[in-house]
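Note that the numbering runs from 1 along the sequence shown for the chain.
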Amino acid sequence: MEALLEVKNLKVNFHTLEGVVQAVNGVSFVVEEGKTLGIVGESGCGKSVTVLSVMRLIPEPPGEISSGEVFFEGKDLLKLDKSAIQDIRGQKIAMIFQDPMTSLNPVLTIGKQISEAIIVHQNVNKEEAFKQTVNLLELVGIPQPEARYNDYPHQFSGGMRQRVMIAMGLSCNPDLLIADEPTTALDVTIQAQIVELTKKMQEKFGMSVIWITHDLGVVAEIADRVIVMYAGYIVEEADVFKIFENPVHPYTLSLLKSLPRVDSRRYERLAIIPGSPPDCIQMPTGCPFMPRCGFAIDRCGVENPQLVNVEDDHKAACWVEVKNGRAE
């Protein structure tokens, strides 16, 4: 399978009054054609900053992409001028944001906001854009799409607004769809509907997907490959089945233990990860997860491990070999 997107050694900093925030620290990954890559981790681990940097959407300043390469269809997106990257955004790479209520313009109708992208990128007239917009609204499950074309965002429910965001993302048939925690603000029933809709649209259009979330249950449902991030680093990367069957990084293991399970005892308490993520202004010299890790050894405090292969196509950044939930 060919790589559609390849990110190499991406580093992103934010210059603040308190100091330099090291948000992304040498991240590298590949998104294959027609596949879904899940990126998981706690809030503040660098998931959203990574994909916003790919889209060249971080504010500069205070943000700064200090190093790295982002190849999409053979072009380094970080070297393109503003005009060239704007041609790619929306048309080749589309993004669904976390909160549709803040992403949609409250004073413009739903139809106007979707058709605008179609007119800009496809160079069609308003009548054709109207037809395509109605078709998209129907495709994502909006009832009476022609009647709701002129409705405003506040007239839609949270789930319907997220469907509108998906329709907007699909408006120009992108090759890559980036979904930044699109189900966080939704209840579990609507969440399942949005996940199922995304899978259906991916199959219909043959696009690749990057799905960002802190919910490993959603990742199990939608992803082919998973990246686990912590403090701006990738700490584990593997096929989705390997991540769940054989997690080898203590952080991944802790995330999985904190998930509720249908086969657990009725009154069994969920595991917690003690402590808090590190201050990204003053990063520790060793492994950033060491203060919260139950497997830490002396070496963890002085040297940060590199992401290396631990077995076939399964990578981890840890000095301790963890198997079946135990250090060996």
Flag, side chain of Glu64 to backbone of Val12, donor-acceptor distance under 3.5 Å: no
Backbone N/O of Leu176 and side chain of Lys92: donor-acceptor pair under 3.5 Å: no
Side-chain touch Val54/Phe72, heavy atoms, less than 4.5 angstrom: no
Under 3.5 Å: donor-acceptor pair, side chain of Trp211, backbone of Val195: no
Test item: Lys11 and Val24 side chains (from C-beta on) under 4.5 Å apart, heavy atoms: no
Donor-acceptor contact present, side-chain Arg89 to main-chain Arg56, <3.5 Å: yes
Fellow cluster residues of Val30, listed by chain then number, with links counted only when side-chain atoms sit under 4.5 Å apart: none
Trace of the side chain to side chain donor-acceptor pair (under 3.5 Å) decision for Gln202 with Thr36: CA-CA 9 Å; Gln202 181 181 20; Thr36 298; 2.9 Å; yes
Step-by-step side chain to side chain contact (heavy atoms under 4.5 Å, CB included) determination, Leu5 to Phe71: CA-CA 6 Å; Leu5 178 76; Phe71 289 102; over 6 Å; no
Contact summary for Ala316 and Val310, nearest pair of heavy atoms: CB-CG1, 4.1 Å
Contact check, side chains of Val31 and Val7, non-hydrogen atoms, under 4.5 Å: no
Leu137 vs Ile110, side chain to side chain contact (heavy atoms under 4.5 Å, CB included): CA-CA, chis, key distance, verdict: CA-CA 10 Å; Leu137 291 174; Ile110 292 296; 4.2 Å; yes
Donor-acceptor under 3.5 Å (Asn150 side chain, Thr109 main chain): no
Point-to-point distance, once rounded to the nearest 0.5 Å, from CD1 of Ile118 to OG1 of Thr133: 3.5 Å
Gln113 (side chain) donor-acceptor with Leu108 (main chain) under 3.5 angstrom: yes
Remaining members of hydrophobic cluster (4.5 Å side-chain criterion), Val20: none
Any donor-acceptor N/O pair, Asp76 side chain to Val70 backbone, under 3.5 Å: yes
Pairwise distance NZ(Lys257) to OG1(Thr252) - rounded to 0.5 angstrom: 12.0 Å
Cluster check Met290, Leu255: I/L/V/M/F/W/Y, side chain < 4.5 angstrom: no
Spatial distance of atom CG (Leu104) from atom OH (Tyr152) [nearest 0.5 Å]: 13.5 Å
Working for side chain to side chain contact (heavy atoms under 4.5 Å, CB included), residues Leu216 and Val40: CA-CA 7 Å; Leu216 281 163; Val40 300; 4.0 Å; yes
Arg292/Glu42 ion pair, N-O < 4.0 Å: yes
For Asp151, all residues meeting salt bridge (Lys or Arg N to Asp or Glu O under 4.0 Å), sequence neighbours excluded: Arg148
Residues clustering with Val308 (ILVMFWY side chains joined when closer than 4.5 Å, directly or via others): none
Least distance between heavy atoms, Pro278 atom then Ala231 atom: CG-CB, 3.7 Å
Nearest-0.5 Å distance, OG1 of residue Thr50 to CE of residue Met55: 14.0 Å
Audit row: Thr213, Glu181, side chain to side chain donor-acceptor pair (under 3.5 Å) steps and yes/no: CA-CA 5 Å; Thr213 184; Glu181 300 196 39; 5.5 Å; no
Test salt bridge (Lys or Arg N to Asp or Glu O under 4.0 Å) applied to Lys199 and Glu221, step by step: CA-CA 9 Å; Lys199 290 166 65 177; Glu221 180 72 19; 3.1 Å; yes
Approximate separation, where rounding is to 0.5 Å, of Ser208 OG and Leu177 CG: 10.0 Å
Min side-chain heavy-atom separation Val248-Asn246 under 4.5 Å: yes
Taking every non-hydrogen atom, the tightest pair across Ser53 and Leu10: CB-CD2, 4.1 Å
Residues Ser28 and Asn9: side-chain donor-acceptor under 3.5 angstrom: no
Ile178 and Ile93: CA distance, side-chain angles, deciding distance, side chain to side chain contact (heavy atoms under 4.5 Å, CB included) verdict: CA-CA 7 Å; Ile178 299 174; Ile93 305 176; 3.9 Å; yes
Minimum heavy-atom distance Ser66-Asn13, with the two atoms named: OG-ND2, 3.7 Å
Other residues, nucleotides, ligands: >12 heavy atoms within 6.0 Å of Glu303 CD: yes
Side-chain heavy atoms of Ile114 within contact of Gln132, under 4.5 Å: no
Nearest-0.5 Å distance, CD1 of residue Ile119 to CG of residue Asn125: 8.0 Å
Sequence neighbours excluded, every pair satisfying ring pair (Phe, Tyr, Trp, His ring centres under 6.0 Å) that has a member inside residues 233-256: Tyr230-Tyr251, Tyr251-Phe289
For Arg225, all residues meeting salt bridge (Lys or Arg N to Asp or Glu O under 4.0 Å), sequence neighbours excluded: Glu237, Asp313
Where Asn304 and Gly286 come nearest, the two heavy atoms and their spacing: CB-O, 3.6 Å
Ile96 side chain reached by Asp180 side chain, heavy atoms, under 4.5 Å: no
Donor-acceptor contact present, side-chain Asn135 to main-chain Lys131, <3.5 Å: yes
